[in-house]
Amino acid sequence: MSASETICAIATPPGMGGIGVVRISGPLVPRLAQAVLRRAPAPRIATLSTFRDEQGRALDQGIALFFPAPGSFTGEDVLELQGHGSPVVLDRLVKTLVTLGARLARPGEFTERAFLNGKMDLVQAEAVADLIESAHEGAARAAMNTLRGAFSEMLRALDERLVGLRIHVEAALDFPDEALDIADDGALTAGLEDLSRNLAEAMRRGTEGRVLQEGARVAIAGAPNAGKSTLLNALVGHEAAIVSPFPGTTRDLVRERVVLEGLALDLIDSAGLRPTDDPVEREGIRRAEAALAEADCVLWLIDDTARGPAPTRTPPPGAVTVFTKIDQTQRLPGVCAEGFAVCAPSGAGIAELRQGLRARLLGGEVDVGGEGMFTARRRHVVALERAEQALARALDHKRVGSAELVAEELRLAHEALGEVTGRMTSDELLGRIFSDFCIGK
């Protein structure tokens, strides 16, 4: 990207609407304003204007807003033309700007320039896209918290403490005559352990933020006729899957997207797990096993009447046990010692299961979208995991007195944190991130 180029794009969604916005950013903005508006608008004052083409013919009438650098979204001169939402008029206006010297913006290029010009870090830049794509109110509030810097502040605090530890260790390497013994350095041990705890907390909250923004995959599994399809229908509120008393009815995966207790979930109903010679059912079971391996959470169903087929495998680690058909037994609905007890057709115990599933995915009782919640992405969590692993290795090396290896692990942890905020980010990664944005954003 060349900072000398001026970019333009339609910033409102495709189609007809009452209002359509064209955004321009770059050094040619004053000249383009003079050509299209016949005057330079006063900074930050909404000005009623006629928008003209390169021949001076009127295209539309609307509001012009001029934001001079550096006090704009991108940090450059920015002009917004707010006219009528006719695709024909907006397209003609953009063609005029291109004829006069601008070029069409790439997806996310306005936000990319804001990042490159220091108006926001990479976490905040990604929060712009997260806010636009929010699937429910909780995700929108959490994305706004991230945009305002909640996640960034936490990462900056970790970064500052990590820098302090690096300076401490590098001093031991640079001044060997001072005889600083890394192995007996209690302050370094305390600093590493405290930073590890804080990084683990950032990891936990980052994982919650990823689930809140991206949603979670919840697989419903168990033996045939355990009530998997009935439970899916109860959770989504309509008949998404066929329910039958005959084992093996569900052959393929049935997926439903639902907002459950403030979380967007992909619920996956799968084939009953049992030995079979039927090649179609075997393929369904293979897909069910794959869904279990990829799920963020597994609901493992057990027929409480014990009349259905017995499970042929044990549940995966961390699975939530759900006893079904309790209307035919003496088990009380809701939370039980082993997990949850439900009667899906009547809805008994479903509310408690919803709440428990939410708590499991978010690590406890969390105010979804509250002031302390923020959105995160899978790449953030992966980078934080790498930083956490590097700190664990640094502690191991410290115990045997290897200052060089401690310094190297702290450097790797520092780099991993830098990748989250964009302090250390490759051009290739930036290209992938901003390519997912809207054209006019």
Does the pair L410 and V169 meet the rule for a side chain to side chain contact (heavy atoms under 4.5 Å, CB included), with working shown? CA-CA 9 Å; L410 290 179; V169 175; 3.8 Å; yes
M144 and R148: CA distance, side-chain angles, deciding distance, side chain to side chain contact (heavy atoms under 4.5 Å, CB included) verdict: CA-CA 6 Å; M144 190 62 202; R148 293 169 61 187; 3.8 Å; yes
Would you sort out whether V400 and L405 count as a side chain to side chain contact (heavy atoms under 4.5 Å, CB included), showing the intermediate values? CA-CA 10 Å; V400 298; L405 292 178; over 6 Å; no
Quick one: do R23 and T74 satisfy side chain to side chain contact (heavy atoms under 4.5 Å, CB included)? Show the steps, please. CA-CA 11 Å; R23 174 181 283 177; T74 64; 5.8 Å; no
Apply salt bridge (charged side-chain N to carboxylate O under 4.0 Å, His left out) to E415 and R411, showing your working. CA-CA 6 Å; E415 284 187 358; R411 183 188 68 80; 2.5 Å; yes
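Across A223 and K228, no two heavy atoms sit closer than the pair O-NZ, 2.9 Å. Residues E409 and A394 approach most closely at CB-CB, 3.8 Å, considering heavy atoms. The two residues Q124 and S152 come nearest to each other via the heavy atoms CG-OG, 3.7 Å. The heavy-atom pair separating P316 from W300 by the smallest distance is CD-CE3, 4.0 Å. Taking every heavy atom of both residues into account, L122 and E419 meet most closely at CD2-O, 4.2 Å. When all heavy atoms of L395 and T189 are compared, the pair lying nearest together is CD2-O, 4.4 Å.
You'll find the side chain of V22 reaches within 4.5 Å of the side chain of L90, heavy atoms only. Side-chain contact check for V320 versus C297: some heavy-atom pair is nearer than 4.5 Å. At least one side-chain heavy atom of L391 sits under 4.5 Å from a side-chain heavy atom of L199. Here the side chains of E388 and S196 are not in contact, with every heavy-atom distance at 4.5 Å or above. Annotation: side chain of D296 is not in contact with side chain of V218 (no heavy-atom distance under 4.5 Å). When side chains are defined from C-beta on, D121 does not count as touching L155, because their heavy atoms never get closer than 4.5 Å. Residues L299 and L357 form a side-chain contact, since some pair of their non-hydrogen atoms from C-beta on lies under 4.5 Å apart. Considering only heavy atoms from C-beta on, V298 stays 4.5 Å or farther from P315 through its side chain.
Using modelled atom types, no side-chain atom of R166 and backbone atom of A407 make a donor-acceptor pair closer than 3.5 Å. A donor-acceptor pair is defined here as one N or O able to donate and one able to accept, closer than 3.5 Å; no such pair exists between the side chain of R217 and the backbone of I268. Panel note: side chain T12, backbone V21; a donor-acceptor pair is recorded below 3.5 Å. D77 contributes a side-chain N or O that, together with a main-chain N or O of A69, makes up a donor-acceptor pair within less than 3.5 Å.
S25 and E76 share a donor-acceptor pair across their side chains, judged by distance under 3.5 Å alone. Judged purely by distance below 3.5 Å, without hydrogens or angles, the side chains of E408 and H397 never pair a donor atom with an acceptor atom.
Here CZ of F73 is found 11.5 Å from CZ of F67. Values are rounded to the nearest 0.5 Å. Atom-to-atom distance recorded for Q355:CD and R360:CZ is 15.0 Å, nearest 0.5 angstrom. Taking CD of E80 as the reference point, atom CD1 of I24 lies at 8.5 Å (rounded to 0.5 Å). Taking CD from Q389 and CG from L412, the interatomic distance works out to 11.0 Å, rounded to the nearest 0.5 Å. Atoms CD1 and CG, on I63 and L81 in that order, are 10.5 Å from each other to the nearest 0.5 Å. For the atom pair CD1 (I220) and CG (L232), the distance works out to 4.5 Å, reported to the nearest 0.5 Å.
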Only pairs under 3.5 Å count here: list side-chain donor-acceptor contacts from residues 340-351, not counting sequence neighbours, and write none if there are none.
| unit_1 | atom_1 | unit_2 | atom_2 | d |
| --- | --- | --- | --- | --- |
| S346 | OG | C343 | O | 3.3 |
| S346 | OG | A348 | N | 3.4 |

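A salt bridge links R113 and E109; the closest N-O separation between the charged side-chain nitrogens and carboxylate oxygens is under 4.0 Å. By the 4.0 Å N-to-carboxylate-O rule, E201 lies too far from R197 to be salt-bridged with it.
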